[in-house]
Amino acid sequence: MIIKKIYASSVAKLNSCVHNGGGDDDTLALQAVLDLAKDENVGVHLVMDGAALISQLKVWSNTTIECVTKDCGFYQKDWTNDSMITNAVQDHYEIKARNISLLGGTYHQNGQHQEHDIHRDNLEWLSAANEGGNAQDTVFVVGLEFYGVENLLIRDVTLRDFRTFGILIGCFKNVTLDQVWLDLPYGTRGNQDGFHFWGPGQFLTVLNSGGRVGDDVINVGPDEWDCKSSITDVLIDGIVMDEGEQAVRLLSRKDGVLDRVTIRNVTGTYRSFGFYISPWFSEAMGNFRNIFIENVDMQALPKTYDYRDPFLFSIGGNIENLTLKNIRCHDSADNRVLIEMGLPFLMIMPDDDTPLVWPEPQKLRNVIIDGLTITEKADDPKDTKYIRIYDKVENLIMRNVVVIKDQAEENGELLHFGNQGSIENFVCENIHTKGLKTFANDETKIKNRF
């Protein structure tokens, strides 16, 4: 294979700015370079040694786009209403593009001057999710978009003012995002996930990334759109939240599976919701096999979303094994629940006496909480129900839990059971509390305690 390394300044004007735009449209000149990789025996290494105004660029297999500095890269034209970069040959169930790298630079989508969503033809793959028969005929305008790709690397990239999802990747194998920063300098407007992944997919790695978002920093939803695909073997290590609305959503909607997921080292500030592990929709309970989350320390700011109460973790659906390790909670803006179990869907926010009716029973099999530290100052919110259990949990293990409340009177509950909440087998080790009023509101809800 021949690799053709071409400096953008040799073919394009590059008289734009990644911060403010302007200049001449370089799309055709740069696309001509990228199209050299249509030949299977040719690879392209495009070096961006300046800033280009573009509409959309399509990349082929064996393509690298490298930006020399953060002031090099791309600014999208007003009302392009499409992704900035996408793969030329796409498929939603088969790998058809390989070996694509985006290295360095700034990708500014100019989201203030892009539509939220657009009409596209041939969206049968999306229609599968609409079991009521209403075909999907619009899609979000996202920043970077790839379908049917293997060996995709996005490293040291700043994605600025993305209109909806910053990066959307579906049908993938071996994808790595490393040091990708999400920047919304003009505020958030909803549906602005940072990184959004759909199945089928395997081997996903996200490292040392994050920033400000208008929804989730990361959404891993294997069957969110087709109700059948799976994602396995996920490593997310080092996520920073900058006053984002939500942190991480793990979503298994129906027949697809989410398995072998490790999430570590999540920090920063968030407003409304921390971690959703839930089927979200109402067809079924999903399939969460083995999920491990470790080292979480996020400060809760005043909530923005008001359709339900805020939380740090919401856990629901069919969950085989879930481990939460080394979770630290302090300086909360309100008395939000830290961990709720047994609420699988979006809009339900019941009181203790509300009957919970699901389309099928959920199975919360094994939940381990190993290392939970809660500290509250004298003027922090009081009477928090830290762990709320709305439905049956088969096996709950809690160990190495510390609750320190430096308040005038004892208040709050470590465990709060709703009307249908219960624990079949409860293992409790090394629990230390100060200033907590009640360990559990109804200990008869615990069948076997060890």
Side-chain angles (χ1 to χ4, degrees), residues 250 252 258-261 275-279 284-294 296 311-327 329 337-345 348 350-374 383-405 410-450:
L250 305 180
S252 176
L258 184 59
D259 194 11
R260 302 191 297 276
V261 177
F275 293 75
Y276 265 113
I277 306 171
S278 165
M285 292 295 172
N287 297 282
F288 300 90
R289 296 280 174 80
N290 296 281
I291 313 292
F292 178 82
I293 300 174
E294 179 182 30
V296 175
F311 57 76
L312 180 57
F313 287 90
S314 181
I315 301 162
N318 292 329
I319 296 178
E320 189 69 24
N321 299 300
L322 171 66
T323 298
L324 308 180
K325 186 172 183 179
N326 295 341
I327 312 299
C329 307
V337 63
L338 301 183
I339 303 170
E340 62 179 33
M341 305 183 201
L343 284 184
F345 303 131
I348 297 171
D351 56 34
D352 288 344
D353 297 323
T354 301
L356 305 180
V357 180
W358 316 126
E360 60 185 54
Q362 63 183 318
K363 296 178 181 178
L364 297 169
R365 184 149 294 167
N366 302 310
V367 179
I368 299 172
I369 302 171
D370 185 0
L372 172 62
T373 302
I374 303 166
D383 291 323
T384 304
K385 299 173 177 60
Y386 295 106
I387 300 173
R388 296 194 65 143
I389 299 177
Y390 291 96
D391 210 341
K392 179 182 177 180
V393 180
E394 291 186 24
N395 303 295
L396 175 61
I397 298 174
M398 288 181 55
R399 55 176 175 247
N400 303 319
V401 176
V402 177
V403 182
I404 303 296
K405 298 169 65 68
E410 291 184 344
N411 65 88
E413 302 170 7
L414 186 59
L415 294 179
H416 184 91
F417 292 93
N419 185 48
Q420 292 175 209
S422 66
I423 301 173
E424 183 74 10
N425 299 298
F426 183 44
V427 177
C428 185
E429 300 176 350
N430 298 329
I431 309 295
H432 172 72
T433 69
K434 172 190 172 186
L436 187 70
K437 184 177 181 179
T438 306
F439 179 79
N441 67 320
D442 186 354
E443 297 200 29
T444 65
K445 298 280 189 173
I446 303 171
K447 183 175 181 181
N448 302 302
R449 184 166 178 170
F450 303 95

With Asp370, the side-chain hydrogen bond (donor to acceptor under 3.5 Å, both in side chains) member among Thr323, Asn400, Asn326: Asn400

Which distance, rounded to the nearest 0.5 Å, do you find between the [atom1] of [X] and the [atom2] of [Y]?
X      : Y      : atom1 : atom2 : result
Asp442 : Phe417 : CG    : CZ    : 7.5 Å
Leu364 : Ile389 : CG    : CD1   : 9.5 Å
Ile446 : Ser422 : CD1   : OG    : 10.0 Å
Ile397 : Asn366 : CD1   : CG    : 7.5 Å

Check against side-chain contact (heavy atoms from CB on, under 4.5 Å), Ile277 and Leu322: CA-CA 10 Å; Ile277 306 171; Leu322 171 66; 3.9 Å; yes

Partners meeting side chain to side chain contact (heavy atoms under 4.5 Å, CB included) with Thr438 (sequence neighbours left out): Glu413

Contacts of Thr433 that satisfy side chain to side chain contact (heavy atoms under 4.5 Å, CB included) - sequence neighbours left out: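 With neighbours one apart ignored, the set is Val403, Ile431, Leu436.
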
Whether Asn318 side chain and Lys363 backbone form a donor-acceptor pair below 3.5 Å: yes

Side-chain donor/acceptor of Lys325 to backbone N/O of Ile368, under 3.5 Å: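 Checking the backbone N and O of Ile368 against the side chain of Lys325, no donor-acceptor pair under 3.5 Å is found.
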
Test item: side-chain donor near acceptor, Asn411 and Lys405, under 3.5 Å: yes

Would you call [X] and [Y] a side-chain contact if the rule is heavy atoms closer than 4.5 Å?
X      : Y      : result
Asn395 : Val367 : no
Asn441 : Leu415 : no
Ile369 : Leu396 : yes
Leu356 : Tyr390 : yes
Leu324 : Ile315 : yes
Trp358 : Phe345 : yes
Ile387 : Leu372 : yes
Met285 : Pro344 : yes

Criterion side-chain contact (heavy atoms from CB on, under 4.5 Å) on Lys447 and Asn425, from CA distance to verdict: CA-CA 6 Å; Lys447 183 175 181 181; Asn425 299 298; over 6 Å; no

Identify each donor-acceptor pair in which a side-chain atom of residues 287-294 lies under 3.5 Å from a protein atom, sequence neighbours left out, and give them as a table.
residue: Asn287; atom: ND2; partner: Lys254; partner atom: O; Å: 3.0
residue: Asn287; atom: ND2; partner: Gly256; partner atom: O; Å: 3.2
residue: Asn290; atom: OD1; partner: Asn321; partner atom: ND2; Å: 2.9
residue: Asn290; atom: ND2; partner: Asp259; partner atom: OD1; Å: 2.9
residue: Glu294; atom: OE1; partner: Arg264; partner atom: NE; Å: 3.2

Closest heavy-atom pair and its distance - [X], [Y]:
X      : Y      : value
Leu338 : Cys329 : CD1-SG, 3.5 Å
Gly421 : Lys445 : O-CD, 3.0 Å
Gly286 : Pro279 : N-CB, 4.2 Å
Glu360 : Ala284 : OE1-CB, 4.0 Å

Partners passing salt bridge (Lys or Arg N to Asp or Glu O under 4.0 Å) against Lys392 (at least two apart in sequence or in another chain):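 So Lys392 forms a salt bridge (Lys or Arg N to Asp or Glu O under 4.0 Å) with Glu424.
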
Partners passing salt bridge (Lys or Arg N to Asp or Glu O under 4.0 Å) against Glu443 (at least two apart in sequence or in another chain): Arg449

Salt bridge (charged side-chain N to carboxylate O under 4.0 Å, His left out): pairs with one or both residues in residues 426-437, sequence neighbours excluded: Asp406-Lys434

Ring centroid separation Phe275 to Phe311 under 6.0 Å: no

Asp391 and Gln362: CA distance, side-chain angles, deciding distance, side chain to side chain donor-acceptor pair (under 3.5 Å) verdict: CA-CA 8 Å; Asp391 210 341; Gln362 63 183 318; 2.9 Å; yes

Electrostatic pair Arg388:Glu340 at N-O distance under 4.0 angstrom: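 Looking at Arg388 and Glu340, the cut-off is not met.
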
